[in-house]
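Any value given below was found using the heavy atoms of this structure, including those in side chains, with hydrogens, waters and symmetry copies removed. Throughout, protein chains are lettered first and strands after them, A, B, ... in sequence-line order, and every chain is numbered starting at 1.
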2 protein chains.
Amino acid sequence: MQTVKCATCLLKSKPAQNLEDSELAILGQSCVETVFEKGETIFKQDALSSNIIYLQTGLVKLMIKGPQRMQIIKLKKAPCFLGLPTTIGDKINHYSAVALEQTTACFIDLSLFKSLLRMNSDFSCEIILELCKNELDQFNRCVKLVQNQVFGRLATNLLNMANEIYRANEFDLPLSRNEFADLVCSSRETVSRLLSELNQEGIIEIRGKHIRLIDLNKLEDISRNG
Amino acid sequence: MQTVKCATCLLKSKPAQNLEDSELAILGQSCVETVFEKGETIFKQDALSSNIIYLQTGLVKLMIKGPQRMQIIKLKKAPCFLGLPTTIGDKINHYSAVALEQTTACFIDLSLFKSLLRMNSDFSCEIILELCKNELDQFNRCVKLVQNQVFGRLATNLLNMANEIYRANEFDLPLSRNEFADLVCSSRETVSRLLSELNQEGIIEIRGKHIRLIDLNKLEDISRNG
DNA sequence: GTTTAAATGTGATTCATGTCACACATTTAT
DNA sequence: ATAAATGTGTGACATGAATCACATTTAAAC
């Protein structure tokens, strides 16, 4: 039964914890679950969209087309909602989402989502809170982007993956060097060079995509002042 | 009577158009109006805050402390709400707001604001919409920041002021060269140089702070591809 | 009106990082 | 298994823009 499924699955997300059984039941009726393999596009910039996406499991990159090249604006890890800012204003996606590993996503009809917002004020307040947090994060990302050099941004993103995504100091990079460059807003060559340098100085250990953060203090320092 | 005042003033903002008379009356009771002169700080990063600010008239810069220097993240023109992202999560301001011209601001108690969000779902939906729009804007700003060079960002911001803030091709820059540099994420010297250059090429005309945009097409072009 | 301080313009210099070039490795297709 | 395609490391070089240094203008203070 889909109703049950929604109740057990969506409840992992903080805003949805405020939804009542009856509301979850409504959700369940128009909630479609889909599995995406690594590399598959979940939604695409400039395409029409009338869904909010709830990311049940997996990892996703959000990408936006710039004047020169594609850029990764952030990584999103399940459980979370995707595509609120892109869907709720007009019906056109202003960025793309691509799976970085096998990912389960539920498509929620936008009008249904909106009526949930109206029905349950605790739910909508949590959504507001999350949006506010996102905006702040984005502000800080911007500031770092300008005032730190590539070295600092690289360190920041490595730490971020360790702390927020994998919760471990050893993990496999979910991105190619090229994608990593798009994330830290640099070029493939520079990223490659700087990773080697960190490796030589014993701050990290890197073998292909596998990475181990060794000297966290030094990384923090580079992240702040680099 | 304060109640009347709120009804006539707040209604200019789109989200507040959804508030009912009774709700506006509640607002009026705990809404404090203050006038800020040019240069005065409305709220300050790292300080405690328990207010949402409604900007009635005027122009404000939002600034954030970076590892090296202060940076202007955006200009906000009345009428609008200020400080949602900074206040609603925790109680600490994550950025500062400073008046760029004489500005009238209403301080709204946060808990009151929150209860309005709960009471009136149309209101909260409009707020969500505005937050989503902000996040998108911020994404795009980030992308431009990285992929355009200073010339392009300069042009973008000039056009922005003409179109969004002053709605005229001739206006007085509300910022010093230093502040303008903080806005386009560059240095005072570079901004000065590039403005001179645009002036010499007859794309803009500049005399001190007074600026006139002449060749809008060329500016658009620089804004896109510069 | 004179003095002082702040804001601005412009040249010379330096540096981080993007770009080009190519070798090598790894994956995918045939 | 071999070929083709894609991803990666590293050197050489070019360049946008920050920084330093100083002249000059504008605004503020007395």
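- When rounded to the nearest whole Å, the span between CD1 of B:I211 and C1' of C:dT8 equals 14 Å.
- Proximity of A:S192 to the phosphate of D:dT10: no side-chain N or O atom is located under 4.0 Å from OP1 or OP2.
- With salt bridges taken as basic N to acidic carboxylate O contacts below 4.0 Å, one links A:E179 and A:K61.
- Of the candidates C:dA16, D:dA18, C:dG18, C:dA16 carries the atom nearest the A:Q149 side chain, counting heavy atoms from C-beta on.
- For the pair A:L195 CG and D:dG7 P, the interatomic distance rounds to 17 Å; values are reported in whole Å.
- For the pair A:T190 and C:dG18, the criterion of a side-chain N or O lying under 4.0 Å from OP1 or OP2 is met.
- Between A:R69 atom CZ and C:dG18 atom P there is a gap of 8 Å when expressed in whole angstrom units.
- Nearest-nucleotide positions on DNA chain C for B:R177 and A:R153 put B:R177 closer to the 5' end.
- For the helix from C:dG1-D:dC30 to C:dT30-D:dA1, the axis fitted to the five pairs at one end and the axis fitted to the five pairs at the other end meet at an angle of 50° (nearest 10 degrees).
- No hydrogens or angles were tested; on distance alone, nothing pairs the side chain of A:R188 with the base of C:dG18 as donor and acceptor under 3.5 Å.
- Between B:K133 and B:D137 a salt bridge is recorded (basic side-chain N to carboxylate O distance below 4.0 Å).
- Rounded to whole Å, the distance from CD on B:Q68 to C1' on D:dA18 is 12 Å.
- The residues A:D46 and A:K65 are annotated as salt-bridged, a charged nitrogen and a carboxylate oxygen being separated by less than 4.0 angstrom.
- Taking the six-membered ring for Trp and thresholds of 30 and 60 degrees, B:Y95 and B:F43 have ring planes inclined between 30 and 60 degrees apart.
- Considering every non-hydrogen atom in both B:I52 and B:L84, the closest pair reads CD1-CA, 4.0 Å.
- Regarding A:E179, its CD atom lies at a distance of 13 Å from the C1' atom of D:dT6, rounded to whole Å.
- Judged by atom type and distance alone, A:R193 reaches the base of D:dG11 through a side-chain donor-acceptor pair under 3.5 Å.
- You'll find that the side chain of B:E189 is closest to D:dC20, out of C:dA16, D:dC20, D:dA17.
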Indicate every side-chain donor-acceptor pair of residues 97-109 of chain B with a distance under 3.5 Å to a residue at least two apart or in another chain.
| residue | atom | partner | partner atom | Å |
| --- | --- | --- | --- | --- |
| B:Q102 | NE2 | B:E37 | OE2 | 3.2 |
| B:T103 | OG1 | B:L59 | N | 3.3 |
| B:T103 | OG1 | B:L59 | O | 3.4 |
| B:T103 | OG1 | B:E101 | O | 2.9 |
| B:T104 | OG1 | B:T57 | OG1 | 2.9 |
| B:D109 | OD2 | B:S111 | N | 3.3 |
| B:D109 | OD2 | B:S111 | OG | 2.4 |
| B:D109 | OD2 | B:L112 | N | 3.4 |

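- Residue A:N199 contributes atom CG, which lies 14 Å from atom C1' of D:dT8 at whole-angstrom precision.
- Between B:L173 and B:M161 the shortest side-chain heavy-atom distance falls below 4.5 Å.
- B:S196 comes within contact range of the sugar-phosphate backbone alone, with a heavy-atom separation under 4.0 Å but no base atom that close.
- Nearest nucleotide to the A:K209 side chain, out of D:dT19, D:dT8, C:dT17: D:dT8.
- In this structure, NE2 of B:H210 is placed 16 Å from P of D:dT26, rounded to the nearest angstrom.
- Regarding contacts with the backbone of D:dT6, every side-chain N or O of A:S176 stays at 4.0 angstrom or more from both OP1 and OP2.
- The listed nucleotides are D:dA17, C:dT8, D:dT8; the one nearest the side chain of B:V150 is D:dA17.
- Classification of the A:F171-A:Y166 ring pair by plane angle, with boundaries at 30° and 60°, yields parallel.
- The distance between atom CG of B:L145 and atom P of D:dG16, rounded to the nearest whole Å, is 18 Å.
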